[in-house]
Amino acid sequence: MISLNELEFHYPDGEFSLRIPDLKFETGESVAVIGPSGTGKTTFLNLIGGIVSASAGKVMHDGTDLRSLSDPERRAFRIRKIGLVFQEFELLEYLTVLDNILLPYRIHPALRMTPALKARAVELAAEVGISHDLGRYVDQLSQGERQRVAICRALLPRPSLILADEPTGNLDPRNKGKVLDILFSYVEREGATLLTVTHDHDLLARFARVVDFSRFHAETSEQLSPPDGAR
């Protein structure tokens, strides 16, 4: 379970502030985070991922308080436990698709490269339909293919938490469905938790719960109920 308690965040040189009195996410839950731009949705993902540190309060991951960890400890925790899917993909164009998928294992000692790991990368690529692209470079790929590479990279370490920031924002309707299918399939198979920031309200019915983040920006902990038909 992931819980945030009396969490506060302030940018030192700006007027933006965020306060989350109490918010919990259960293991295996899929949650959509919505709200107008500027209400702190991406900051929220960064706080849960340990990319930035809160000004006060706790961010708990199954009993581990991220605020109690040093920067190197948070990086090690994040790379082992959390899969990050960025809107802009964050792929390296001078690497092949396979090397982009394997990248976390090449840049941090918390993850160890093995032949079995490479085989899993190939299996993931086949699962999402890009096995024929493993030797290609990023600039040769479509937007939908790039996003699937980014998802493979995020899922490779078998994270217990997936944080996705507008993962379908750059995609056409067909590829939006494919990306969500991949993420929900992983959550169901691995029992992971999925938190997805989205502006696309047409997708909300696929999530178990929807949280309106503008309310936290207004300093209240009230959450929205799932939309009609959400399961």
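Note that this is a predicted model, so its numbers are computed, not measured. The chain is numbered in sequence order, starting from 1.
In this structure, the separation between CZ on Arg206 and CG on Leu194 is 10.5 Å, given to the nearest 0.5 Å. The distance from atom CG of Leu163 to atom CD1 of Ile82, rounded to the nearest 0.5 Å, is 5.5 Å. Distance check: Thr42 OG1 to Asp165 CG gives 3.5 Å after rounding to the nearest 0.5 Å. Rounding to the nearest 0.5 angstrom, the gap separating the CG atom in Leu91 from the CG atom in Asp139 is 11.0 Å. Rounding to the nearest 0.5 angstrom, the gap separating the OG atom in Ser3 from the CG atom in Asp22 is 7.5 Å. Between the CD1 atom in Ile2 and the OG1 atom in Thr27 there is a gap of 7.5 Å [rounded to 0.5 Å].
Relative orientation of the Phe44 and Phe25 rings is tilted, given thresholds of 30° and 60° on the angle between their planes.
Of the possible polar contacts, none joining the Arg153 side chain to the Pro104 backbone as a donor-acceptor pair under 3.5 Å is found. Judged by distance alone, the side chain of Asp172 and the main-chain N or O of Asn175 form a donor-acceptor pair under 3.5 Å. Between the side chain of Glu8 and the main chain of Ala54, no donor-acceptor pair closer than 3.5 Å is present. The closest donor-acceptor contact from the side chain of Asp65 to the backbone of Met60 lies at 3.5 Å or more, if one exists at all. No donor-acceptor pair under 3.5 Å is formed between the side chain of Arg67 and the backbone N or O of Val59. The backbone N or O of Pro36 sits less than 3.5 Å from a side-chain atom of Lys41, completing a donor-acceptor pair. Between the Gln147 side chain and the Pro167 main chain, a donor and an acceptor come within less than 3.5 Å of each other. No donor-acceptor distance shorter than 3.5 angstrom exists from the side chain of Thr39 to the backbone of Phe213, with no hydrogens or angles considered. The backbone N or O of Ser142 lies less than 3.5 Å from a partner atom in the side chain of Glu145, making a donor-acceptor pair. The closest donor-acceptor contact from the side chain of Tyr186 to the backbone of Pro159 lies under 3.5 Å.
Scanning all heavy atoms of the two residues, the minimum distance from Gly35 to Asp212 falls at CA-OD1, 3.9 Å. The heavy-atom pair separating Gly40 from Leu18 by the smallest distance is O-CD2, 4.1 Å. Of all heavy-atom pairs between Leu92 and Val138, the closest is O-CG2, 3.6 Å. In plain terms, the two heavy atoms of Glu127 and Ser185 that are nearest each other are OE2-OG, 4.2 Å. In terms of heavy atoms, Ala32 sits closest to Thr198 at CB-CG2, 4.3 Å. The shortest heavy-atom contact between His61 and Leu161 is CE1-CD2, 3.3 Å.
Heavy-atom neighbours of Gln143 CD from other residues, nucleotides or ligands within 6.0 Å: above the threshold of 12. The local environment of CZ in Arg189 is crowded, with over 12 non-hydrogen atoms from other residues, nucleotides or ligands closer than 6.0 Å.
At a threshold of 4.5 Å between non-hydrogen side-chain atoms, the residues Val210 and Ile34 count as touching. In this structure, Val149 and Phe89 have side chains that are not in contact, with every pair of non-hydrogen atoms separated by 4.5 Å or more. Contact annotation: the side chain of Val85 never approaches that of Thr196 to less than 4.5 Å [non-hydrogen atoms, C-beta and beyond]. Looking at Thr96 and Leu134, their side chains never come closer than 4.5 Å, going by heavy atoms from C-beta outward.
Shown are Val97, Ile151, Leu98, Leu124; of these, the side-chain contact (heavy atoms from CB on, under 4.5 Å) with Ile130 is made only by Val97.
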Applying side-chain contact (heavy atoms from CB on, under 4.5 Å), run through Leu47 and Leu7 and close with a yes or a no. CA-CA 9 Å; Leu47 287 165; Leu7 193 71; 3.9 Å; yes
Could you go through Ser70 and Glu73, starting from their C-alpha distance and side-chain angles, then the distance that decides it, and tell me whether this counts as side-chain hydrogen bond (donor to acceptor under 3.5 Å, both in side chains)? CA-CA 5 Å; Ser70 66; Glu73 289 171 335; 3.2 Å; yes
Evaluation steps, side-chain contact (heavy atoms from CB on, under 4.5 Å), between Arg19 and His10: CA-CA 9 Å; Arg19 180 171 181 266; His10 313 279; over 6 Å; no
Run the numbers on Asp99 and Arg106 for salt bridge (Lys or Arg N to Asp or Glu O under 4.0 Å), then give the verdict. CA-CA 9 Å; Asp99 285 335; Arg106 301 192 188 280; 3.4 Å; yes
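Lys58 and Glu6 are not joined by a salt bridge, as no carboxylate oxygen comes within less than 4.0 angstrom of a charged side-chain nitrogen. Taking a cutoff of 4.0 Å between a charged side-chain nitrogen and a carboxylate oxygen, Asp181 and Lys178 do not qualify as a salt bridge.
Residues Leu141 and Tyr137 do not share a hydrophobic cluster, defined by chaining ILVMFWY side chains whose heavy atoms lie under 4.5 Å apart. Neither Met1 nor Leu69 shares a network with the other; the hydrophobic side chains, linked directly or stepwise wherever heavy atoms of I, L, V, M, F, W or Y lie under 4.5 Å apart, form separate groups for each.
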List, one per line, each side-chain donor-acceptor pair under 3.5 Å for residues 109-121, sequence neighbours excluded.
from: Thr114; atom 1: OG1; to: Leu117; atom 2: N; distance (Å): 3.0
from: Arg120; atom 1: NE; to: Leu156; atom 2: O; distance (Å): 2.9
from: Arg120; atom 1: NH2; to: Leu155; atom 2: O; distance (Å): 2.8

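Ring centers of Phe207 and Phe184: under 6.0 Å apart, within the cut-off.
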